[in-house]
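Since the model is a prediction, treat every value here as computed from it, not as a measurement.
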Amino acid sequence: MRGPRIARAERAALVGLITGRARRLEAERSLDELGGLADAAGAQVVLRLLQERPKPDPSTYLGSGKVATLAASCAETGADVVVFDNELTPAQLRQIEQVVGCKIIDRTQLILDIFARRAKTREGKLQVELAQLKYLLPRLVGASDALSRLGGGIGTRGPGETKLETDRRRIRTRIHAISQDIDQVRRRRAQLRERRHKASVPTAALVGYTNAGKTTLFNVLTRSDAEASDALFVTLDPLVRQVRLPDSRELLVSDTVGFIDRLPHALVAAFRATLEEVAAADLVLHVIDAAAPDRDRRITAVQQVLEEVGATDVPLVEVYNKCDQLTPDEYRRLQERDPTAVCISALRRLGTDELIETIASRLALDLRRITFTFDPADPGERERIARVYRHARVLEHEARDGLVSIVADVPRRLLARLDRAPR
């Protein structure tokens with residue numbers, strides 16, 4: 001009896017272009033990252049190709065001679081799909097596919113495919129589908145071959161076989177419907193944020209380049225077990241968990257989707273409802289892979305996305321993760337460069353106590369011991385007593401001569417919200 005048939009991994013060829021003032025080392029690193037993306041999409045990289053040109057060819061991106069060389073190399077290595085490290089125009093996609101004779105996709109389509117694989121909740125799937133349809137819409141002309149594939153694989157996930165019958169009108173109708181659903185998600189998130197604001201629970205949002213260790217840190221801070229692995233875009237659906245510090249102080253921590261260099265604008269737009277959690281947070285924790293060779297490029301990529309979602313005004317703490325992988329000299333240079341940064345290893349739980357104290361300080365969670373005096377006969381005063389119990393840690397409660405005296409440890413950020421000067 002034959003066993004179940006195991007699907008063969010797609011064989012991928014990676015293509016990059018060095019143009020203008022770009023350096024080969026940067027292009028090599030970008031192609032390495034593209035290889036990681038291809039691996040996350042379930043492909044096996046069998047060919048890498050880099051070409052230097054003053055600027056991309058408007059027709060075939062690489063130039064006709066190099067495309068012919070690519071076709072021969074793909075035939076020799078048995079490549080099923082060619083992945084370009086930049087976004088291609090519809091005309092370039094068609095021209096290259098005609099010469100090479102196998103599936104051609106670009107970096108944007110590859111990232112969209114990975115997001116389609118990772119999305120688990122209805123909200124995540126809606127947001128990915130919206131981004132894919134917006135990407136597909138201008139590429140319908142002459143794309144009948146690409147849309148008629150039934151073999152599956154990279155670039156065909158998400159809306160799935162519904163692509164076979166799509167036209168502009170149907171796609172626009174679907175985009176409109178999904179946008180309405182996502183607007184409902186946005187309103188629901190806004191209501192939850194308002195509720196948290198009324199409860200005076202501060203929120204810290206974790207952001208960072210994909211695979212920087214955000215989810216590992218999230219699990220350490222919240223004592224939860226969200227999926228974390230050494231892969232790209234494992235966390236797609238946002239998570240919010242409560243953190244209770246040893247002295248009973250509370251805050252909420254949210255884990256967000258990882259960012260990446262040249263994150264497709266369609267994805268940023270589609271995930272705006274989710275990324276608004278970052279813009280509305282009281283504090284942003286930018287988790288940085290301290291050991292990444294292209295650390296500065298990754299920091300810049302995250303800053304660009306934060307600008308795009310309107311989160312640049314939120315107070316930010318740079319958290320350098322994986323510091324245990326640095327040499328003593330690298331660690332010293334990092335501290336000299338940015339003395340305010342927090343260096344940790346989330347995996348080994350090194351430096352996390354210092355990080356928690358930094359978070360508490362930046363969120364004004366530090367406590368002041370206050371003595372309040374109230375007149376319980378006044379309904380307004382009774383409401384204030386309830387507010388103190390709700391937002392502070394009460395140490396003493398004494399009733400004498402018709403008055404109530406309460407001694408409580410109050411987070412500094414909540415003093416004004418208690419709406420009464422202490423006596």
Side-chain angles (χ1 to χ4, degrees), residues 9-41 43-114 132 134-149 151 153-156 260-267 294 297 300-301 304:
E10 284 187 283
R11 298 167 66 84
L14 309 181
V15 180
L17 195 63
I18 308 172
T19 58
R21 298 181 180 179
R23 293 182 295 181
R24 174 166 284 273
L25 179 60
E26 294 173 351
E28 289 281 2
R29 286 175 176 168
S30 184
L31 212 61
D32 289 340
E33 184 172 82
L34 188 68
L37 292 169
D39 181 69
Q44 175 190 358
V45 177
V46 296
L47 176 66
R48 291 165 57 104
L49 179 67
L50 267 176
Q51 186 196 18
E52 293 190 41
R53 286 179 61 92
K55 61 181 181 179
D57 184 278
S59 177
T60 57
Y61 192 72
L62 298 176
S64 57
K66 201 66 173 180
V67 171
T69 302
L70 174 63
S73 299
C74 287
E76 184 178 345
T77 58
D80 304 301
V81 56
V82 180
V83 187
F84 281 74
D85 196 27
N86 295 84
E87 188 167 315
L88 300 176
T89 66
Q92 288 170 337
L93 280 167
R94 293 195 301 274
Q95 292 286 346
I96 298 170
E97 190 168 79
Q98 287 174 4
V99 176
V100 176
C102 63
K103 182 167 54 178
I104 308 295
I105 66 173
D106 57 23
R107 179 186 177 91
T108 297
Q109 196 169 357
L110 179 60
I111 293 174
L112 290 173
D113 183 88
I114 297 170
Q132 287 186 311
K134 286 185 174 179
Y135 175 84
L136 174 64
L137 187 58
R139 290 167 170 78
L140 282 178
V141 178
S144 57
D145 291 341
L147 297 182
S148 63
R149 295 190 187 97
I154 297 173
T156 63
I260 196 168
D261 191 21
R262 290 169 284 158
L263 188 66
H265 289 289
L267 269 179
D294 55 346
R297 179 185 67 83
T300 301
Q304 289 173 345

Are [X] and [Y] side-chain neighbours, meaning at least one heavy-atom pair lies under 4.5 Å?
| X | Y | value |
| --- | --- | --- |
| P56 | L17 | yes |
| R48 | D32 | yes |
| L34 | L110 | yes |

Name the one of L62, V82, D57 that satisfies side-chain contact (heavy atoms from CB on, under 4.5 Å) with V67?
-> L62
What ring pair (Phe, Tyr, Trp, His ring centres under 6.0 Å) pairs are there with at least one residue in residues 43-78, not counting sequence neighbours?
-> Y61-F84
Check [X] against [Y] and note the closest heavy-atom contact, atom names and distance.
| X | Y | value |
| --- | --- | --- |
| T77 | R11 | O-NH2, 2.7 Å |
| A38 | V45 | CB-CG2, 4.1 Å |
| A71 | V99 | CB-O, 3.7 Å |

Could you state the interatomic distance from CG (L14) to CG (L47), rounded to the nearest 0.5 Å?
-> 7.5 Å
Salt bridge (Lys or Arg N to Asp or Glu O under 4.0 Å) pairs, two or more places apart, involving residues 68-92 | R8-D80, D85-R107, D85-R262, E87-R139
Residues at least two apart in sequence or cross-chain that pass salt bridge (Lys or Arg N to Asp or Glu O under 4.0 Å) with D39, listed by chain then number, are none
In terms of side-chain geometry, is the basic nitrogen of R29 or E33 positioned less than 4.0 Å from the acidic oxygen of its partner?
-> no
Residues K103, E10: salt bridge by 4.0 Å N-O rule | yes
For the pair K66 and L49, evaluate side chain to side chain contact (heavy atoms under 4.5 Å, CB included) and give the outcome as yes or no after the intermediate values.
-> CA-CA 10 Å; K66 201 66 173 180; L49 179 67; 3.7 Å; yes
